[in-house]
Amino acid sequence: MTDGPDIDLADVDLFVRGAHLDAFRRLREEDPVYWNEGADGSCFWALTKYDDVQWAYREHELFSSVRGAVVGGSFQSSDDSAAGRMLVASDLPRHRLLKQVVHPALSHAVVEAVSRQVGTLVERAVDRMLADGGGDFAVDVATELPAGALMTIMGVSWEEAHELIRLTRRMVGYRDEAFVDTGTDAGLRLAWLQAEIFDYFEDLLALRRRQPGDDFVSMLARARINDRPLSTDEILYNCMNMAVGGNETSSYTACTGLLALMEHPEQYERLLADPGLLATALDEILRWSSTNAYVQRMAKRDVERRGRRIRAGDSVTLWNVSANRDEEQYPDGDVFDVGRTPNRHLTYGSGIHRCIGAPVAQGELSLLFQQLTSAKVRCRPAGAPRRLRSNFILGITSLPVQLA
Ligand code: HEM
C-alpha cells in the first residue's frame with residue numbers, strides 16, 4: 001500500500017518546520033484515510049477529516065486504546081503492563097472502573113483550588129516579567145500552569161512540581177536534543193525516561209503510604225476496584241498518566257496561544273476591548289494550537305472507511321490538528337478569530353477517553369489570559385520561538401518576548 005501522497009507523518013521535521021498544516025490540507029483533499037509508511041519503520045492509518053476523527057473517537061468498541069496514545073510509544077503490546085492498567089491505555093469495562101477511581105481527584109473543588117494556586121504563581125511570574133521588561137514566556141511563565149496544578153493535585157512543593165515537570169518534559173521531548181542526549185537508542189531512551197518518572201512516584205507513594213493525605217497519590221493508594229486495592233504498577237502508571245497529561249499540554253497551549261495573539265495583534269486588541277470574548281478566545285487558542293496532535297488506536301476488527309480497508313490489528317491515528325482545520329467543519333479554519341462560534345474543536349479528544357483534565361486546563365488557561373488582559377500586558381516577540389521536536393505534542397519550548 002504505497003499509493004497516495006508522499007507524506008510521512010512520522011517525520012518530526014515536518015512538524016518542526018511547520019509544514020504539517022499544508023501536508024494535512026493535501027491529505028484531507030487527496031487521501032483522507034491515509035496509510036502512512038514511516039521512514040522510521042512505523043506504519044499506521046491517519047484519519048485527517050473531522051468526521052472520521054470524531055467517528056473513531058466514538059467507536060471505542062471498534063478502536064482499542066490498549067497500545068497507548070503514541071505511535072512507537074512504550075506500550076505497544078497488549079500484554080504490556082500499561083495496557084488495561086493506565087486510564088488512557090484501557091478499554092471498557094476496565095476504563096470505567098479506573099475512571100471512577102481517578103475522576104474524584106479532579107473534582108470541582110480541586111479545579112477551583114488549582115485556579116487559585118495558578119493565579120498566585122502566574123501573578124508572581126508576570127510581575128517579574130514586567131519588572132524585567134520581558135523574558136522567556138515558555139520557561140518563566142507557562143510552566144507555572146502545570147506547577148500550580150501539580151502542587152494542588154499531587155500535594156507537592158513548588159520545587160518538587162518543577163522537578164516532575166523537568167522529568168515529563170524529558171519523556172515527551174525524548175527526540176529533542178534540548179532535553180535529552182539523542183545519540184542513544186530511542187526505544188531504550190524512552191524506557192529510561194519513563195523509569196525516571198516511576199522512580200519519582202515510587203518515592204512519593206512510599207511517603208503517602210506512611211503519611212496519607214487527600215492528594216491524588218494517597219487517593220490511589222486507598223482506592224479499591226472490585227474490593228481489591230490497585231497494584232503498585234497501576235498506581236504508578238496512573239500517576240504518570242496524570243502528570244504527563246497535565247504537564248505537557250496546558251503550558252504548551254499557553255505559549256502557542258500567546259504567539260498567535262502576538263502574530264494577530266488586532267485579535268489581541270479585540271480581546272482587550274471586550275473581555276467577554278475570553279471564553280471564545282480560549283476555544284480558538286485550543287483549536288489553533290491542537291497541542292495533542294493525534295492519538296493512536298488499534299483496530300479490533302476489519303472496517304472500511306472512505307473506500308479504504310483497515311485491518312484488525314492495524315494502528316490508526318486520529319489527527320486532532322487536522323480535524324481542527326477541516327474545511328468542511330471550519331470553512332475559514334486558517335483564520336485566527338477570538339470570537340469564533342460555533343467552535344467544536346477536538347483538542348481534548350471525544351468519547352469515553354475525552355480529557356478528564358479539561359476543566360483544570362480551562363481554569364489554568366483562563367486565569368493566565370485573564371491576568372494578561374486585565375493588566376493590559378502587550379507582548380511582542382524578542383526572538384524566534386523554538387518548537388519541540390515531536391509530532392505528538394506540538395509545543396513551543398522557548399518564546400522570548402519583550403513587553404511593549
Ligand atoms: C490544553 C490542555 C490539554 C489537552 C490539549 C489535553 C488533551 C487530551 C486528549 C486529546 C486526551 C484523549 C486521549 C485519548 O483519547 O486517547 C486526553 C486525555 C487525558 N488527559 Fe488531557 N489534555 C489537556 C490537559 C490535561 C490536564 C491538565 C490533565 C490533568 C490534570 C489531563 C489529564 C488527562 C488524562 C488523565 C487523560 C486520560 C483520560 C481517559 O483516558 O479517560 N489533561 N487529554
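In listed order, ligands and their atoms are each counted from 1.
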Inset, instruction - Among Trp55, Trp45, Tyr57, find the one that has a ring-ring contact (aromatic ring centres under 6.0 Å, His included) with Phe63. - result: Trp55
Inset, instruction - Please state which part of Val295 comes within less than 4.0 Å of ligand 1, counting heavy atoms only: side chain, backbone, both or neither. - result: side chain
Legend entry - Numbered atoms of ligand 1 (with element) below 4.0 Å of Tyr57, judged on heavy atoms: 15 (O)
Legend entry - Salt-bridge criterion met for Lys49 and Glu29 (N-O under 4.0 Å): no
Legend entry - ring pair (Phe, Tyr, Trp, His ring centres under 6.0 Å) partners of residues 239-285, not counting sequence neighbours, each pair once: His264-Trp288, His264-Phe336
Inset, instruction - Just jot down the ligand 1 atoms closer than 4.0 angstrom to any heavy atom of Val88, in number order. - result: 13 (C), 16 (O), 37 (C), 40 (O)
Inset, instruction - Scan side-chain atoms only and decide if Ser231 and Asp233 contain a donor-acceptor pair under the 3.5 Å cut-off. - result: no
Legend entry - ligand 1 contact on Ile352 by region, counting heavy-atom pairs under 4.0 Å: backbone
Legend entry - Nearby protein N/O/S atoms (those under 2.8 Å) for atom 21 (Fe) of ligand 1, with water ignored: Cys355 SG
Legend entry - Tyr252 to ligand 1, any heavy atom closer than 4.0 Å: no
Inset, instruction - Would you indicate which of Glu248, His345, His353, Glu364 comes nearest to atom 12 (C) of ligand 1 when only heavy atoms are counted? - result: His353
Inset, instruction - For the residue pair Ser218 and Asp215, confirm or rule out a side-chain donor-acceptor distance under 3.5 Å. - result: yes
Inset, instruction - Ignoring hydrogens and angles, tell me if any N or O in the side chain of Thr48 forms a donor-acceptor pair with the backbone of Pro32 under 3.5 Å. - result: yes
Inset, instruction - Using a cut-off of 6.0 Å, state whether more than 12 heavy atoms not belonging to Arg387 lie near its atom CZ. - result: no
Legend entry - ligand 1 atoms in contact with Thr347 (distance to a heavy atom under 4.0 Å): 5 (C), 7 (C), 10 (C)
Legend entry - Test item, Arg297 contacting ligand 1 (heavy atom, 4.0 angstrom): yes
Inset, instruction - Check whether the ring centres of His60 and His353 lie less than 6.0 Å apart, and answer yes or no. - result: no
Legend entry - Close approach, Ser250 and ligand 1, non-hydrogen under 4.0 angstrom: yes
Could you pull out every donor-acceptor pair under 3.5 Å between side chains of residues 363-378 and any protein atom, sequence neighbours left out?
unit_1 : atom_1 : unit_2 : atom_2 : d
Glu364 : OE1    : Ser250 : OG     : 2.6
Ser366 : OG     : Gln362 : O      : 2.9
Ser366 : OG     : Gly363 : O      : 3.4
Gln371 : OE1    : Glu123 : N      : 3.3
Gln371 : NE2    : Gly119 : O      : 3.2
Thr373 : OG1    : Phe369 : O      : 2.7
Thr373 : OG1    : Gln370 : O      : 3.2
Ser374 : OG     : Gln370 : O      : 2.9
Arg378 : NE     : Glu269 : OE2    : 2.8
Arg378 : NH2    : Glu269 : OE1    : 3.0

Inset, instruction - Counting heavy atoms only, name the option from Met86, Lys99, His95 that's nearest to atom 41 (O) of ligand 1. - result: His95
Tabulate below the donor-acceptor pairs under 3.5 Å that side-chain atoms of residues 196-205 make, not counting sequence neighbours, or state none.
unit_1 : atom_1 : unit_2 : atom_2 : d
Glu196 : OE1    : Arg170 : NE     : 3.2
Glu196 : OE2    : Arg170 : NH2    : 3.1
Tyr200 : OH     : Glu160 : O      : 3.0

Inset, instruction - Flag the pair Arg25 and Asp334 as a salt bridge only when some basic side-chain nitrogen lies within less than 4.0 angstrom of an acidic carboxylate oxygen. - result: yes
Legend entry - Part of Thr253 within contact of ligand 1 (heavy atoms, under 4.0 Å): side chain
Inset, instruction - May I ask which of Asn238, Leu106, Asn241 has a heavy atom nearer to atom 36 (C) of ligand 1 than the others do? - result: Asn241
Legend entry - Contact summary for Ala312 and Asp302, nearest pair of heavy atoms: N-OD1, 2.8 Å
